[in-house]
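Structure first, commentary second.
Count residues from 1 along the sequence. Bear in mind the structure is a predicted one, so any value in this text is a computation, not a measurement.
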Amino acid sequence: MTESERGLPHYLRMALVLLALLAAVIVPLIFVFGAFSVKFGLLSWRTGLDMVVTWLPRAAFSALALGILSFVLSIFIRPRGRGLPLAALAIVIPGAVLFQAAQIKAAAQAVPPIHDISTDMQNPPHFSQALIALREASGAENSLDYEGKSVNRDGDPRQVSELQRQAYPDIKPIALNAEPQAAFDAAMRAAQSLDWTVQYADPNAGRIDATDSSFWFGFKDDVAIRISLAQGGGSIVDVRSVSRVGVSDIGANAERIRAFREALTGRIS
């Protein structure tokens, strides 16, 4: 071991590198802790989300600053390059977290602050009493009343249907070349293929209610499916997806309807 290696600056540099790496590892753990604490009922969804939205970026920026500092010191303090791979990792981890956070923020800003999406905006599918009772028991905060207004980012009150039409023009009723019973059976298989929990099903009425849960936070969104006979034959399938909590769904309900549409049409020969 050389004299420079025994020197205090070298040990301080290595201590800083290890501290930066520890801070970098803690950053994604904050997300995991916040998400699963909400999912398993340890924290309220607001507390867990605030931890991820507010504290996670602050921790990531701090860890990134430590990583950059340790990287620079690893270059200039002799022996040069010692600890450099660990310092680089201490930059990459929080950098990746901040990049992902920026992507999510951009996605949220690109869609209107609504959480109730329906293929039929004039007569949206209604939910069964069984599903309504389930939502009430779970403490759902969002109403199932489709009528009303939302406020966009300019403070201009606009109807939910108007906001949806502008943001998701492809969300429309699904026309199938199949009789209602066959369409109902295909809709059931499609919902099950998406790992939705079917809460209510009435083949005679052509109605299905289901719940989809997110992996991380365990957020639950409810889906109402309505199958009706189309004029001239075939079926019309309407889908409505509503979040239980939160003002904006960041496009999740529209994506859910698209996924169902793809799964459904793939099951109709």
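Between Phe127 and Tyr200 there is no side-chain heavy-atom pair separated by less than 4.5 Å. In this structure the side chain of Phe61 reaches within 4.5 angstrom of the side chain of Leu98, judged on heavy atoms. You'll find the side chain of Leu21 stays beyond 4.5 Å of the side chain of Val17, heavy atoms only. At a threshold of 4.5 Å between non-hydrogen side-chain atoms, the residues Leu19 and Met14 do not count as touching. Proximity of Ile268 to Asn177: side-chain heavy atoms (C-beta onward) are nowhere separated by under 4.5 Å. Contact of the Arg261 side chain with the Asp170 side chain is registered, since non-hydrogen atoms from C-beta on lie closer than 4.5 Å.
Salt-bridge check for Arg46 with Glu141: passed, with a basic side-chain N closer than 4.0 Å to an acidic carboxylate O. Taking the charged nitrogens against the carboxylate oxygens, Asp209 and Arg240 have no contact shorter than 4.0 Å, which rules out a salt bridge.
Residues Thr119 and Lys172 bring no donor and acceptor atom of their side chains to less than 3.5 Å of each other. Looking at Ser138 and Arg244, their side chains do bring a donor and an acceptor atom within 3.5 Å of each other.
Here the straight-line distance linking atom CD1 of Ile77 with atom CG of Leu12 works out to 7.5 Å at 0.5 Å rounding. The CZ atom of Arg165 sits 4.0 Å away from atom CE of Met121, with the distance rounded to the nearest 0.5 Å. In this structure, Ile236 CD1 and Ser228 OG are separated by 6.0 Å, a value rounded to the nearest 0.5 Å. Here Ile26 contributes atom CD1 and Ser62 contributes atom OG; the two are 11.0 Å apart, rounded to the nearest 0.5 Å. Distance CG/Leu264 to CD1/Ile257: 12.5 Å, rounded to 0.5 Å. Interatomic distance, Leu144 CG to Arg135 CZ, rounded to the nearest 0.5 Å: 4.0 Å.
Heavy atoms only, all atoms of each residue included: Ile93 and Pro28 are closest at CG2-CD, 3.9 Å. Heavy atoms only, all atoms of each residue included: Ala183 and Ile227 are closest at CB-CG2, 3.8 Å. Closest of all the heavy-atom pairs between Ala187 and Ile225 is CB-CG2, 4.4 Å. In this structure, Ala190 and Arg267 approach most closely via the heavy-atom pair N-CD, 3.8 Å. Closest non-hydrogen pair, Pro112 versus Tyr168, comes out as CD-OH, 4.3 Å. Residues Ser44 and Val38 come closest through the heavy atom pair O-CG2, 3.6 Å.
By the rule that hydrophobic residues join a cluster once side-chain heavy atoms approach within less than 4.5 Å of another member, Val53 and Leu43 end up as members of one cluster. Cluster annotation: Leu89 and Ile30 are assigned to distinct hydrophobic clusters (Ile/Leu/Val/Met/Phe/Trp/Tyr, side-chain heavy-atom contacts under 4.5 Å, transitive). No continuous path of ILVMFWY side-chain contacts below 4.5 Å connects Ile117 to Ile250, so the two sit in separate hydrophobic clusters. Note on Val52 and Phe33: same hydrophobic cluster, where clusters join Ile, Leu, Val, Met, Phe, Trp and Tyr whose side-chain heavy atoms are under 4.5 Å apart, directly or indirectly. Cluster annotation: Leu84 and Tyr11 are assigned to distinct hydrophobic clusters (Ile/Leu/Val/Met/Phe/Trp/Tyr, side-chain heavy-atom contacts under 4.5 Å, transitive).
In this view, Phe99 satisfies the ring pair (Phe, Tyr, Trp, His ring centres under 6.0 Å) rule with no residue, not counting sequence neighbours. In this structure, the ring pair (Phe, Tyr, Trp, His ring centres under 6.0 Å) partners of Phe215, at least two apart in sequence or on a different chain, are Phe36. Residues passing the salt bridge (charged side-chain N to carboxylate O under 4.0 Å, His left out) test with Glu162 are Arg158, sequence neighbours excluded. Checked against ring pair (Phe, Tyr, Trp, His ring centres under 6.0 Å), Phe219 has the following partners two or more places apart in sequence or in another chain: Phe217. Remark: Phe184 pairs with no residue by the ring pair (Phe, Tyr, Trp, His ring centres under 6.0 Å) rule, at least two apart or across chains. Residues passing the salt bridge (charged side-chain N to carboxylate O under 4.0 Å, His left out) test with Asp221, sequence neighbours excluded: Arg256.
By the 6.0 Å contact criterion, CZ on Phe40 is enclosed, its count of non-hydrogen atoms from other residues, nucleotides or ligands being greater than 12. Other residues, nucleotides and ligands contribute over 12 non-hydrogen atoms within 6.0 Å of the NZ atom of Lys39. More than 12 heavy atoms of other residues, nucleotides or ligands sit less than 6.0 Å from atom CD of Gln181.
Among Asn253, Asn142, Asp222, Asp249, the one residue that satisfies the side-chain hydrogen bond (donor to acceptor under 3.5 Å, both in side chains) test with Ser243 is Asn253.
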Between Arg13 and Ser74, is the side chain to side chain contact (heavy atoms under 4.5 Å, CB included) condition met? List the steps. CA-CA 7 Å; Arg13 182 263 308 275; Ser74 295; 3.6 Å; yes
When you look at Leu194 and Asp212, which way does the side chain to side chain contact (heavy atoms under 4.5 Å, CB included) test go after all the steps? CA-CA 8 Å; Leu194 296 170; Asp212 187 22; over 6 Å; no
Using salt bridge (Lys or Arg N to Asp or Glu O under 4.0 Å), reason through Arg207 and Asp202 one step at a time and then give a plain yes or no. CA-CA 5 Å; Arg207 294 179 60 188; Asp202 186 345; over 6 Å; no
Take Val160 and Tyr146, measure what side chain to side chain contact (heavy atoms under 4.5 Å, CB included) needs, and give me the verdict at the end. CA-CA 8 Å; Val160 170; Tyr146 188 79; 4.1 Å; yes
Using the side chain to side chain contact (heavy atoms under 4.5 Å, CB included) rule, take Val237 and Phe260 through it: C-alpha gap first, then chi angles, then the decisive distance, then the call. CA-CA 11 Å; Val237 179; Phe260 175 79; 4.1 Å; yes
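Proximity of a side-chain donor or acceptor of Thr54 to a complementary backbone N or O of Met51 within less than 3.5 Å is not detected. With hydrogens and angles disregarded, no donor-acceptor distance shorter than 3.5 Å links the side chain of Ser37 to the backbone of Gly34. For the pair Gln164 (side chain) and Ser118 (backbone), a donor-acceptor distance under 3.5 Å is present. Put simply, the side chain of His115 never gets that close to the backbone of Val245: no donor and acceptor are under 3.5 Å apart.
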